[in-house]
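Here's the structure we're looking at; comments come further down.
Along the sequence shown, residues carry numbers from 1. All values reported here derive from a predicted model rather than from experimental measurement. Counting starts at 1 for both ligands and their atoms, in listed order.
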Amino acid sequence: MRFETLAIHDGQTPDPGTGSVTVPVFQSSTFEREDLYHHREFFYSRIGNPTRQALESSLALLENARFGLAFASGVAATMAALQVLRPGEHVVSGIDIYGGTYRIFEQLLRPWGISISYAEDESTESYEACIRPETRLLWIESPSNPLLGLSDIRALSAMARQKGILTAVDNTFASPYFQLPLELGADIVVHSTTKYLGGHSDVIGGAVVMNDAALHKTIKNYQAAAGAIPGPWDCWLVMRGIKTLKIRMKEHEVNAMHLARLLEAHPAVERVSYPGLPSHPHHDLAKRQMTGFGGMLTFALKGGLPAVETLLGGLKLFTLADSLGGVESLVASPSKMTLGALSAEERRKRGCSDNLVRMSAGLEHALDLEADLLQALAAITK
Ligand SMILES: *Cc1c(COP(=O)(O)O)cnc(C)c1O
């Protein structure tokens with residue numbers, strides 16, 4: 001079956017008891033046992049819950065994978081995927097990554113004796129240059145946050161596999177509709193389902209998806225033991241989002257492309273990073289490894305931080321907020337907001353300058369977004 005059919009039907013067959021066409025919210029912490037010696041399929045909701053299981057099955061199928069696991073947040077999913085590491089081992093990560101992932105590496109992993117190197121840029125060579133005998137995992141974010149750089153997932157996975165190293169990809173920005181990292185050779189996919197999968201800015205969640213049974217066992221065991229599971233209602237909301245993922249992603253992309261072109265031609269704008277623009281340094285790679293370019297774009301304003309302040313103050317339709325991937329258009333300053341916790345030096349190394357603006361193109365009419373953006377940009381140039 002094809003993507004949109006799976007998104008609507010998998011794990012979501014009518015409830016056998018009642019015929020309900022949507023999966024019921026099984027708001028129960030525990031389930032009656034058959035007898036003293038036998039429990040049913042479900043017995044305690046931290047270990048397994050029918051609503052969560054429906055979501056996990058759906059997440060696996062969207063990534064064309066064998067196993068999916070749902071978590072209480074994207075960072076909980078990231079932490080779960082990182083359980084493949086043991087003290088003394090080493091991770092090579094991309095340089096431009098989600099701020100919360102950086103915090104996990106620096107504040108949680110390092111004190112446990114795991115070391116981390118950051119590749120100098122997105123290229124396969126710069127990841128390879130960081131590899132040591134104790135390297136166990138490559139951590140890739142593509143497209144990356146906030147600069148929207150791309151890494152060659154197929155080349156990196158092949159290089160890692162040859163050296164016995166695992167590859168994990170944070171696929172949040174592309175969503176499974178536009179990119180399938182496991183098919184490109186990666187071992188683990190991580191999502192913040194808070195973003196495109198949920199899609200309506202109304203739930204926090206995460207997912208880990210994989211094909212290997214041993215990896216699944218490790219991460220599922222961690223899920224049961226550490227307990228960062230999503231509640232049944234949150235699972236239900238993500239499932240509802242997933243049903244419309246295809247049509248939303250297509251429209252997010254149309255609007256993002258429209259805004260990217262408009263910004264690229266505007267005199268107040270220094271440069272635009274959107275994988276769908278021919279000017280993007282990895283546009284060809286985007287065409288090879290993705291089936292679409294997504295709804296996120298980042299641009300630099302010529303006037304520095306004062307120009308950013310004017311723009312953000314002038315926008316009316318775009319909401320100033322940290323998240324992304326919802327139906328409403330959002331705008332953020334990476335240096336003051338999402339990466340605000342990093343030191344100025346750390347931000348500089350990452351290329352995260354004060355004049356950057358990150359946009360999550362929502363599903364409003366493109367011409368309404370255009371009018372709002374143009375009036376706010378006009379205040380900078382006047
Ligand atoms: C938001 C986000 C996360 C973290 O997810 P939460 O649901 O906020 O915990 C991880 N990676 C990326 C790329 C994100 O955008």
May I ask you to decide if Ala307's main-chain N or O and Asn355's side chain share a donor-acceptor pair within less than 3.5 Å? no
Is the CD atom of Gln162 crowded by more than 12 outside heavy atoms at less than 6.0 Å? no
Does atom CZ (Arg40) have a neighbourhood of more than 12 heavy atoms from anything else shown, all under 6.0 Å? yes
With a 6.0 Å cut-off on ring centres, are His283 and Phe293 close enough? yes
Name all pairs fulfilling the salt bridge (charged side-chain N to carboxylate O under 4.0 Å, His left out) condition that reach into residues 200-225, sequence neighbours left out, sorted by first residue then second. none
Using a 3.5 Å cut-off on N/O to N/O, what pairs does ligand 1 make with the protein? A line per pair would be great.
| from | atom 1 | to | atom 2 | distance (Å) |
| --- | --- | --- | --- | --- |
| ligand 1 | 5 (O) | Ser192 | OG | 3.0 |
| ligand 1 | 7 (O) | Gly74 | N | 2.9 |
| ligand 1 | 7 (O) | Ser192 | OG | 2.8 |
| ligand 1 | 7 (O) | Thr194 | OG1 | 2.6 |
| ligand 1 | 9 (O) | Gly74 | N | 2.9 |
| ligand 1 | 9 (O) | Val75 | N | 2.9 |
| ligand 1 | 11 (N) | Asp170 | OD2 | 2.6 |
| ligand 1 | 15 (O) | Lys195 | NZ | 2.7 |

Do we get Lys195 above Tyr98's six-membered ring, with its NZ or CZ under 6.0 Å from the centre and within 45° of the axis? yes
